[in-house]
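Accompanying notes for the structure given below.
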2 protein chains.
Amino acid sequence: MMELTRKGEYAIRGIVYLATRPDDQVCLLSDIAAAVDVPPTFLAKIFQQFSKIGLVKSYRGTGGGFILGRTADKITLLDVVEAVEGPIIPNRCVTGGDDCERSHTCKVHPVWVSVQKQVRDILAAVSLKELAGKQEKP
Amino acid sequence: MMELTRKGEYAIRGIVYLATRPDDQVCLLSDIAAAVDVPPTFLAKIFQQFSKIGLVKSYRGTGGGFILGRTADKITLLDVVEAVEGPIIPNRCVTGGDDCERSHTCKVHPVWVSVQKQVRDILAAVSLKELAGKQEKP
DNA sequence: CTAAAAAAGATAAAAATAGTCTTATAGGGG
DNA sequence: CCCCTATAAGACTATTTTTATCTTTTTTAG
């Protein structure tokens, strides 16, 4: 239960690798894919999603590639995971609004809300900077 | 991401309903299914899984049905969820043993371990007694 | 203009999910 | 013993999601 998909795993590997690279050096998708051992075409799809929401910036054409959309300390693991897997939803009844007609009577509902918050908090507390081994204090 | 399946949702609904019933009254599967609005054949499969690990006790034949395998305060939401969804595994790298060759180098690994622990702790802290509205202190 | 590179969309195989159906087994009552 | 009721177990199926791949298009440097 609650398992990250391959896509999510690949997404993390890919963007963490990008975060280890020099800040302003455009990185070829094919290089990233090779470095983190992910099918290039699949990683392409993932980086397209990153690009749409600004997690990475893409450059097309000769000399093109990817760089981070903002500094590594401003990108959290939550950003990355939600970018490709969608929001953290332990159960359908826990959506932003209130689709769950049982919400106010169901005693399980608050438990899922709690799970959601905890998981989000944990993932939001980890930045790419840390994951890339560029800690503030070594 | 991390979404409970229908099976998990049905499992919770079913066993919580059973917990609301008088302690020693055998309950028909068909009655439970009707009460919690779950396909009876599907709920049957779920309760078979419960039965195997002792979460419920089953009685066959005329006058048969199900009762809880132990008192409602001794069954946690974690027990129920893991019974049908398997262990809480946020990522493949977080298994009981250590299948992940990266475990000791990968900086993401401890994050998943943390997520796993938090989720398990939350779910383990909630018993069927509470969910069934039979709180110790009302 | 051309080659390089990402973007976008279509397609497809494999796996997981969500069930259903059939047959077997067990128990109670006449 | 026979029949009815109820769960157990296993085979089977449809749908959805995951995990990709392939092709075409767009962009850009030189």
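Residue numbers begin at 1 in each chain, while the letters A, B, ... track the order of the sequences. The basis for the numbers below is simple: all heavy atoms, side chains too, and nothing from hydrogens, waters or symmetry mates.
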Quick one: list whatever passes side chain to side chain donor-acceptor pair (under 3.5 Å) with [X], sequence neighbours left out.
X      : result
E85(A) : T5(A)
Q49(B) : K7(B)
D31(B) : none
E82(B) : R120(B)

Please classify the nucleic acid contact of K52(B) as base, sugar-phosphate, or nothing, using heavy-atom distances under 4.0 Å.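 Result for K52(B) = sugar-phosphate.
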Short of 4.0 Å, heavy atom to strand atom, which residues of residues 58-70 of chain B count as contacting DNA chain C?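 Output list: R60(B), G61(B), T62(B).
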Integer-rounded Å distance: [N] [atom2] and [X] [atom1]:
X      : N       : atom1 : atom2 : value
E3(A)  : dA15(C) : CD    : P     : 15 Å
Q48(A) : dA10(C) : CD    : C1'   : 13 Å
K57(A) : dA7(C)  : NZ    : P     : 13 Å

Got a sec, which pairs hit ring pair (Phe, Tyr, Trp, His ring centres under 6.0 Å) with one end in residues 19-48 of chain B, sequence neighbours left out?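 Listed by first then second residue: Y10(B)-F42(B), F47(B)-F50(B), F47(B)-F66(B).
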I need the full list of ring pair (Phe, Tyr, Trp, His ring centres under 6.0 Å) pairs touching residues 19-40 of chain B, with sequence neighbours left out, sorted by first then second residue.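 The answer is none; no pair qualifies.
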Of residues 27-35 of chain B, the positions that come close to DNA chain D - non-hydrogen atoms, cut-off under 4.0 Å: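 Residues of residues 27-35 of chain B that come under 4.0 Å of DNA chain D are, in numerical order, L28(B), L29(B).
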Could you tell me which residues satisfy ring pair (Phe, Tyr, Trp, His ring centres under 6.0 Å) with Y17(A), sequence neighbours excluded, listed by chain and number?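 Partners of Y17(A) under the ring pair (Phe, Tyr, Trp, His ring centres under 6.0 Å) test: none.
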Between the protein and nucleotides 18-20 of chain D, list the N/O to N/O atom pairs that are separated by less than 3.5 angstrom.
| unit_1 | atom_1 | unit_2 | atom_2 | d |
| --- | --- | --- | --- | --- |
| dT19(D) | OP1 | R6(A) | N | 3.4 |
| dT19(D) | OP2 | R6(A) | N | 3.2 |
| dA20(D) | OP2 | Y10(A) | OH | 2.9 |

Pairs satisfying salt bridge (charged side-chain N to carboxylate O under 4.0 Å, His left out), at least one member in residues 55-71 of chain A, at least two apart: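 Found R70(A)-D79(A).
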Other cluster members, L28(A) - Ile/Leu/Val/Met/Phe/Trp/Tyr, side-chain contacts below 4.5 Å: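 None, because no other hydrophobic side chain comes under 4.5 Å of this residue.
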Do you see a donor-acceptor pair shorter than 3.5 Å between the side chains of N91(B) and E9(A)?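 Yes, a side-chain donor-acceptor pair sits under 3.5 Å.
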